[in-house]
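In what follows, a structure is listed as structure tokens, so that the remarks can point back to it.
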Amino acid sequence: MQLSEPELRRRQEREELLHLGIEPYPAAQFTVNATAADILKNYERRKTDYKNISLAGRIMSRRIMGNASFIEIQDATGRIQAYFRRDDLCPDDDKTLYNTVFKKLLDIGDIIGIQGFVFTTQTGEISIHVQKFTLLTKSLKPLPIVKEAEDEQGNKITYDAFADREARYRQRYVDLIVNPDVRETFKKRSQLVQAMRNFMQEKGYLEVETPILQPLYGGAAARPFKTHHNTLDMTLYLRIANELYLKRLIVGGFEGVYEFAKDFRNEGMSRFHNPEFTQMELYVAYKDYIWMMECVEEMVERVALALHGTTEVQVGEHIINFQRPWKRYTMFEAIQEYTGIDISAMDEGGLRAVCAQLNIDVPDTLGKGKLIDEIFGEMVEGKLIQPTFITDYPVEMSPLAKKHRGKEGLVERFEAICNGKEICNAYSELNDPIDQRARFEEQIDLGKRGDPEAMMLDEDFLRALEYGMPPTAGLGIGIDRLSMIMTNSPSIQDVLFFPQMKPEPIVVAPSDSDYEAMGIPKAWWPVFNKMNHKSVEDIKAIAASKLFNDLGGLRKKLKVDAPMPTLDEVKTWLGQ
RNA sequence: GAUUCGUUAGCUCAGCUGGUAGAGCAUUACACUUUUAAUGUACAGGUCCUGGGUUCGAGCCCCAGACGGAUCACCA
């Protein structure tokens, strides 16, 4: 890797600090007794408490004005201005600490500790008057410079925002340093998980952990990631869901279990899909899906209140209100509401005619259940902005859900739809082992017909059901999707710290020792570095005459103080 | 996987009909003891994503590729 000029300069500064006896990465702990947010919030009311403060953070901007300077320092809670004055820091004749260390050897991005007292500047900004500072970490890579200001109305204006998505996702650490909104989004995500966990702890449910490496994958319809265990010499799959394990725990006698689970699905990626994602699954014994709807409403309403202090949340152009109770439709009612067509009594032929009438393209292979799902997906789902429960799904699509207590061909299942997307999925869980086996066998048939997502038959799970699982309500709720809504993020990548991406190409640049091995005189090494070849092989592939010409050109540009080699010498270097 | 847009200085971006590569910020130097996008002056900084092609001449046109975004498809 060729280092840019700022990078070289910072490495040089690191050396100079060492020469001055200043350790750029000290071991001694720097004790902090204040945060930026605390000072800005409480200083005016409790001035005497801020006479002797100690704070650490990253330098985010510098305004040097001769013998006085202002910097902005950023800690985990925010930014605060600090005031450095030469004669305070260097009361004696030796002004090195200010003139050299502070002004020349520190940069934006360096992490320092400061000690001093809080005051208000003439322009009214609460600031720290620094009496002593300590370098804690020298930063060798320049940060993207983002400048912020406020207009007359007090609106925040950002200049030169660090907005390139690829760079932001690949180097999330930089994104987090430079974009405060990103930090806020992830804090909200954490609060969301915390609010849900508190909710379930209060109800007395048990938080559990179940296997991620599974010999059989199940609990959802999806393609898995496959791996291999060497000692056991067996195939294992990364879980696509943890449903079947949590139900085993209900069989075992726990009456409420939940897990925040990373699941893995080997499928397409989009702004709603990442190969690994988080679901919270909850199973409660002696409950049904109607009870579970109330539970979801209460939990999600609680989350909205915890994050926003209100049930109303701005999402894109909509304001979504999570206040209970939410609207409820059966799937048939919802389709009738949005298309005007009652499909509840239709057979497959009738449903196909409806698809044709609504201009929905469907493959001939689809059965009745999938046709209904297609109509719902095309005509209804995207229009449901406010949180809405859709209940009573066709049995063909739900091999783990209990048959409806009153309606033939349906199961006791609901999804909550919000902002046009599913956020959760729940059933009265199927606990009849004979029925469950039959449903698995239907799935196996589907698999034989080529459906890559058909479920596998899990004999151990069936054995557990045969011992008897009490009537149970189960829920899976997508934490990423819910986070997107609660933080007004248009893409799943905005709520994942490290979204999946293709790896960056790794370039192994030739080094000085490579040049030496090729017999190139040292004076020419900078020239080869400047040419930035990707590898030694790349250099050797260049025609000697072309390289000879290039060397001549760069010799002039870089002012190389060495005689021009002959064409024959160049050929020797290249082994040609 | 398909379509489409993008990739130019450390960062954010301009770049005309194909004719010597531009700005602001950051950096460097100097000035400046309460500034706040600090200011003023000066300097420096570029494989224009990669590889081919067309052309006297390519950042720009053509072909292929890499990476990324968006939409669609797939997908609880």
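Labels below follow one simple rule: chain letters A, B, ... track the order of the sequence lines, proteins then strands, and each chain is numbered from 1.
Here A/Lys103 does not reach the OP1 or OP2 of B/A29: none of its side-chain N or O atoms lies under 4.0 Å away. Between A/Gln493 and B/G69 there is a side-chain polar atom (N or O) within less than 4.0 angstrom of OP1 or OP2. The shortest distance between the side-chain N/O atoms of A/Lys147 and the OP1/OP2 oxygens of B/C25 is not below 4.0 Å. Here A/Arg170 reaches the OP1 or OP2 of B/G68: one of its side-chain N or O atoms lies under 4.0 Å away.
Remark: B/C67 base-pairs with B/G6. Criterion, Watson-Crick or G-U wobble with two distances under 3.5 Å. Look at B/C48: it lacks any Watson-Crick or wobble partner with both distances under 3.5 angstrom.
Mapped onto RNA chain B by nearest heavy atom, A/Tyr169 and A/Glu5 fall at different nucleotides, with A/Glu5 at the one closer to the 5' end. Where A/Gln81 and A/Arg271 each meet RNA chain B at their nearest nucleotide, the meeting point lying more 5' is that of A/Gln81.
Partner of A/Leu400 under the side-chain contact (heavy atoms from CB on, under 4.5 Å) criterion, chosen from A/Arg413, A/Arg439, A/Met455: A/Met455.
At the heavy-atom level, A/Ala161 lies under 4.0 Å from the strands shown only through sugar-phosphate atoms. Residue A/Ile64 is in base contact, counting any heavy-atom pair closer than 4.0 Å across all strands shown. A/Phe376 comes within 4.0 angstrom of nothing in the nucleic acid, heavy atoms only. Note on A/Arg10: nothing from the nucleic acid sits closer than 4.0 angstrom, heavy atoms only.
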Go through it in stages, so that I can follow the logic: the residues are A/Glu429 and A/Lys247, the test is side-chain contact (heavy atoms from CB on, under 4.5 Å), and I'd like the CA-CA distance, side-chain angles, deciding distance and then a yes or no. CA-CA 9 Å; A/Glu429 298 296 337; A/Lys247 284 182 184 171; 2.6 Å; yes
May I have the step-by-step check of side chain to side chain donor-acceptor pair (under 3.5 Å) for A/Asp494 and A/Tyr169, ending in yes or no? CA-CA 9 Å; A/Asp494 295 323; A/Tyr169 299 148; 3.0 Å; yes
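Rounding to the nearest 0.5 Å places OG1 of A/Thr185 at 10.0 Å from CZ of A/Phe497.
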